[in-house]
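Comments concern the structure below.
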Amino acid sequence: MNGMIPKKIKGFRDIDPELNELRRSVVKKAGEVYELYGFRHWDTPVLEYAENLGKYLPDKETVAEGVYSFRNPETEPVYKDDGSELRDDSDFVVMDNHHIAMRYDLTAPLARMYAEELFMQSQKGQLTTKNAPLFKRYQYGPVYRFEAKLDPGRFREFWQLDFDTVGTADVSADAESCMILSDALETIGLDRNSYLVKVNNRKILSGFLETIGISGAENEGNVLRIIDKIDKIGVEGISYELGRGRKDSSGALIPGLGLDPTIAKKIGGYFEQFTEEKSRSEIIENLSSLNSGNEKFTEGLDELIKIDNILQASGYDEKRVLFSPAIVRGLGYYTGPVYEVESLLTFTDSKGNLRKVGSICGGGRYDGLVERLLGIKVPAAGASIGVDRLCELLVLSGNANVKMDAPVLIAVFDDELMGEYQKMAAELRNAGVSTEIYYGAERGLKKQLGYADKMNSPVCLLLGSDEFEKGIVTVRDLKLGNELSDSITNKDEWKQRVQKEVPRNELVSVIKQLLHH
RNA sequence: GCCGUCGUAGCUCAGUUGGUUAGAGCGUCUGACUGUGGCUCAGAAGGCCAUAGGUUCGAAUCCUAUCGGCGGUACCA
């Protein structure tokens, strides 16, 4: 040992076969839905230059907050904005060990991939917002965040399953995002009543705040961050936090934003109207009546109306997609419609409390993300399923029904017969039956059957010299044995029922029959 | 990060106001059953009571720090 006991890093997990299977089925089913909408599967690397990933660079004050990053062991040229190599006074190319970071989502790498492809064109001025190519892709895989607090379903390494459309400003793409999320979740196996896609528009929020005198990215962000908590602390709670602050249930003091009470009241009053669920048309009506002619607000509202029209035309009612004017989404980069999916499934925790995991998908429109890398505004929209959180939820709520086929186990009695064991195994595998020969060191039959039991093997094959000479195989139906084990009375009789001798040349067909019942 | 709370066998937990040798159930292993798991019976192993200090004649129990879990809060591209 080198000063470290074997253990995994906090927030990282070993994935067992059952969870792997569940995750695989989630990704497969949702991916097929994405493909139905014309998205193609791409992958990008886990590591990226930190500069490309966003503003989260080490060595700045935002340091490593939330990201895993380090220096590239290899030195490479430093580039200027126009893509040419930076040179020092002696005209040598400036080399550096660039900062490298593990991706914290799949959207930033998408922006990099898109921007990388078009960089030269953009430098030559051949690329404009107008002719930026349309690009649709979906992608899944692990992303990494250096989270301080790890809730159930929240990890430092976790999978996301994204789809994005780059190169369109049409909010039809946003409407489609909501439809896709709904379709995907239902294909994965969620009931229509067990989730809700909720939609809002940042332009409406921003416009509203502007009308009451809150503008500028920082002020807006501060307020939005508090509004985002409305689900948790209610309208009253956010009023306090906007103003003087409040004390929470644990007695901790939460500092307020210190806004003028009349402004805080206006904000509270606005959201008060949306605390109960309303139909999309009611919300549109409601928002229209609140519209004082602010440009952003009007634009956002028009987009929402368009989204509603598309959803209606496509047959997505309020059971699937709702408008929810208090949805903010934490991410700073959203510029228009935002959406998230709330799971309504519940589970009981170890203390017997009924719990939810909350949001399982999120997305929205981010018209500025590619611009940061390319200098040209390229509109984009997309969404992501939090695969691991969803899997956790499916397991906890008892909705994870993946079937795992375990292999037939061939018990080993005699090394001399190993050739025969291999031959049986090959025959079964050729017939598509997954088969395993017991290679454990301890060969007591108890051990071997115990292993088969643990692996959940449906069948165990016993072949010793007796059977070999007689040209038979003893086939033990472990699955049937398990079913009968409750009613076991007479051991010998029970053994007779679950075990039979099968002629060697009929083995494959008998096993296939056994497995299919 | 901050506040609170908890930490006793592999797991779930008992453990009296500080008092001798720290318990149970489940699981594991062994045997009854030398080629037959689950049922049954008999037995065994397994603990520096999270770690490190301190208080005390005496600490699983009280105090402090650290680490880990949980809850809340903050942050979340």
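For clarity, every value in this text was computed on a predicted model and none was experimentally measured. Order of the sequence lines sets the chain letters (A, B, ...), proteins ahead of strands, with each chain counted from 1.
An OP1 or OP2 oxygen of B/U73 is reached within less than 4.0 angstrom by a side-chain nitrogen or oxygen of A/K232. For B/C76, one of the phosphate oxygens OP1 or OP2 lies less than 4.0 angstrom from a side-chain nitrogen or oxygen of A/R225.
The environment of OH in A/Y195 is crowded: more than 12 heavy-atom neighbours from other residues, nucleotides or ligands sit within 6.0 Å. The number of heavy-atom neighbours closer than 6.0 Å to CZ of A/F119, taken from other residues, nucleotides and ligands shown, is above 12. Within a 6.0 Å sphere centred on CD of A/E236, heavy atoms belonging to other residues, nucleotides or ligands number 12 at most. Around atom CD of A/E117, no more than 12 heavy atoms belonging to other residues, nucleotides or ligands sit under 6.0 Å away. Crowding of A/F135 atom CZ: a count of heavy atoms from other residues, nucleotides or ligands under 6.0 Å exceeding 12.
Proximity of the aromatic rings of A/Y138 and A/Y34 is defined here by a centroid distance below 6.0 angstrom, and this criterion is met.
Spacing of P atoms, B/C67 relative to B/U51, comes out at 16 Å, to the nearest Å. Using C1' as the reference atom, B/A60 and B/G18 are 10 Å apart when rounded to the nearest Å. Rounded to whole Å, the separation between the P atoms of B/C6 and B/C13 comes to 15 Å. Nucleotides B/U5 and B/U66 are separated by 15 Å at their P atoms, to the nearest Å. For the C1' atoms, the distance linking B/G27 with B/C11 amounts to 7 Å, nearest Å. Nucleotides B/G15 and B/U8 place their C1' atoms 9 Å apart, quoted to the nearest Å. Rounded to whole Å, the P atom of B/G47 lies 15 Å from the corresponding atom of B/A24. Nucleotides B/G46 and B/G10 have their C1' atoms positioned 9 Å apart, rounded to a whole Å.
Minimum atom distance to the side chain of A/E147 is reached by B/C76, of the listed B/G37, B/C76, B/U36. Of the candidate nucleotides B/C33, B/U73, B/A77, B/A77 has the atom nearest to the side chain of A/Y333. Listed nucleotides: B/G35, B/C75, B/G37. Nearest to the side chain of A/L462: B/G35. Out of B/U36, B/C76, B/U30, the shortest distance to the side chain of A/R476 is found at B/U36. Taking only side-chain atoms of A/K10, from C-beta outward, the nucleotide of B/G37, B/G35, B/G69 with the closest atom is B/G69.
One atom, NZ of A/K446, and another, C1' of B/G37, lie 8 Å apart when rounded to the nearest Å. The nearest whole Å value for the distance from the CZ atom in A/R13 to the P atom in B/G69 is 15 Å. Atom C1' of nucleotide B/C75 and atom CG of A/L257 are separated by 15 Å, given to the nearest angstrom. Atom CG of A/D162 and atom C1' of B/A77 are 13 Å apart (whole Å). B/C75 atom P lies 19 Å from atom OH of A/Y104, rounded to whole Å. The interatomic distance linking A/L449 (CG) with B/C33 (C1') rounds to 13 Å, in whole Å. B/G35 atom P lies 22 Å from atom OH of A/Y451, rounded to whole Å. Here B/C29 presents its P atom at 5 Å from NZ of A/K447, a figure rounded to the nearest Å.
By the salt bridge (charged side-chain N to carboxylate O under 4.0 Å, His left out) test, A/R476 pairs with no residue at all, sequence neighbours left out.
Side-chain N/O atoms of A/Q448 and base N/O atoms of B/U36 include no donor-acceptor pair closer than 3.5 Å. One donor-acceptor pair, N or O on each side, does fall under 3.5 Å between the base of B/G35 and the side chain of A/E467. Residue side chain A/R329 does not reach the base of B/C76 through any donor-acceptor N/O pair under 3.5 Å, judged by distance alone. You won't find any donor-acceptor pair under 3.5 Å spanning the side chain of A/R443 and the base of B/G35, going by distance alone.
Salt-bridge formation is detected for the pair A/E427/A/R504: a Lys NZ or Arg NE/NH1/NH2 atom is positioned less than 4.0 Å from an Asp or Glu carboxylate oxygen. The pair A/D367-A/K377 does not count as a salt bridge, with every side-chain nitrogen at least 4.0 angstrom from each carboxylate oxygen.
RNA chain B contains the following stems of three or more consecutive Watson-Crick or G-U pairs, with both distances under 3.5 Å: B:1-7 with B:67-73, B:10-13 with B:23-26, B:28-32 with B:40-44, B:50-54 with B:62-66.
Residue A/S457 is out of contact with every strand shown, counting any heavy-atom pair closer than 4.0 Å.
Note on ring orientation: taking the six-membered ring where Trp is involved, the planes of A/F146 and A/Y68 are perpendicular (angle over 60°, cut-offs 30° and 60°). Under the 30°/60° scheme for interplanar angles, the aromatic rings of A/Y438 and A/Y451 are found to stand perpendicular.
Interface residues of residues 413-428 of chain A facing RNA chain B, ordered by number: A/F413; criterion, heavy-atom separation under 4.0 Å.
Geometrically, A/R145 does not engage A/F158 in a cation-pi contact, judged by NZ or CZ lying under 6.0 Å from the ring centre and within 45° of the ring axis.
If A/S465 and A/E442 are placed on RNA chain B by their nearest nucleotide, the residue sitting closer to the 5' end is A/E442. Ranked by how close their nearest RNA chain B nucleotide is to the 5' end, A/L463 and A/L480 are led by A/L463.
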